[in-house]
Amino acid sequence: AQSVTQPDIHITVSEGASLELRCNYSYGATPYLFWYVQSPGQGLQLLLKYFSGDTLVQGIKGFEAEFKRSQSSFNLRKPSVHWSDAAEYFCAVGPILGGGADGLTFGKGTHLIIQP
Amino acid sequence: GAGVSQSPSNKVTEKGKDVELRCDPISGHTALYWYRQSLGQGLEFLIYFQGNSAPDKSGLPSDRFSAERTGGSVSTLTIQRTQQEDSAVYLCASSRGGTRSTQYFGPGTRLLVL
């Protein structure tokens, strides 16, 4: 079965500093990879996705992620964070293998705190 | 509509009662997904519809859970004889279909079972 690991439950970053959120996956085929963000009381919003091709993908709000097959990783980065980036970030892999399901498997999330 | 909508936004019920959660997908989206978000389990995939058909129901936590979709649009997730461990946020998403289609999420229904 596939799985996604986000090793950091909480991360605190100063406003203006760079950010990297880690994501490792286990998947029995070529993965499709996603990063979603969830602000308090809001639904999940897609930041970026990787299907194939260039391993560095650009997303919304100045985020980017790099797919590294050899490390089974898909880390999210931003060069300079803003206070509005404080939220919960989820890495996901899909589709679910076998059984005809087409959903995503999510990590437990990383809570990002921005210090002024 | 402009986005995925879910109702009710909050639901408090007593243990043993049945509840129905509703999802209205984005117009024209053929695929619809239900997820559950809880403190202990994180985000779990429950079920997926392509049109009105759910190819695989094995993600549903127990036989107390059922889901249907009619007219290729609205979907209802029903939980019978609710238990306290059913307390969670239930999220619905829709997409144009296919594994490369972006899933757009609704705001969720927060369910509390007393």
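Quick note on labels: first sequence line is chain A, next is B, and so on, each numbered from 1. Since the structure is predicted, the reported quantities are computational estimates derived from the model, not experimental observations.
Between A:Asp8 and A:Arg22 there is a salt bridge, since a side-chain N of the basic residue sits under 4.0 Å from a carboxylate O of the acidic one. With salt bridges taken as basic N to acidic carboxylate O contacts below 4.0 Å, one links B:Arg64 and B:Asp86. Salt bridge annotation for A:Asp85-A:Lys78: present, with a cationic side-chain nitrogen under 4.0 angstrom from a carboxylate oxygen.
Rounding to the nearest 0.5 angstrom, the gap separating the CD1 atom in B:Ile47 from the CG atom in B:Asp56 is 8.0 Å.
Within the 4.5 angstrom heavy-atom criterion, only side-chain atoms of A:Gln38, from C-beta onward, approach chain B. Using a 4.5 Å cut-off between heavy atoms, B:Tyr35 contacts chain A through its side chain alone, with no backbone atom that close. Proximity to chain A involves both the backbone and the side chain of B:Leu43, based on heavy atoms less than 4.5 angstrom apart. Interface residue A:Leu104: backbone and side-chain heavy atoms are both found under 4.5 Å from chain B. There is no contact between B:Ser58 and chain A, counting heavy-atom distances below 4.5 Å.
Residue with the most contacts toward chain A among B:Arg110, B:Glu44, B:Arg100: B:Arg100 (heavy-atom pairs, distance under 4.5 Å). Counting heavy-atom pairs closer than 4.5 Å to chain A, the top residue among B:Gln37, B:Gln6, B:Gln41 is B:Gln37.
The shortest side-chain heavy-atom distance between B:Thr13 and B:Leu112 does not fall under the 4.5 Å cut-off.
Between A:Lys49 and B:Gln103, the side chains place no donor N or O within less than 3.5 Å of an acceptor N or O (distance only, hydrogens not considered).
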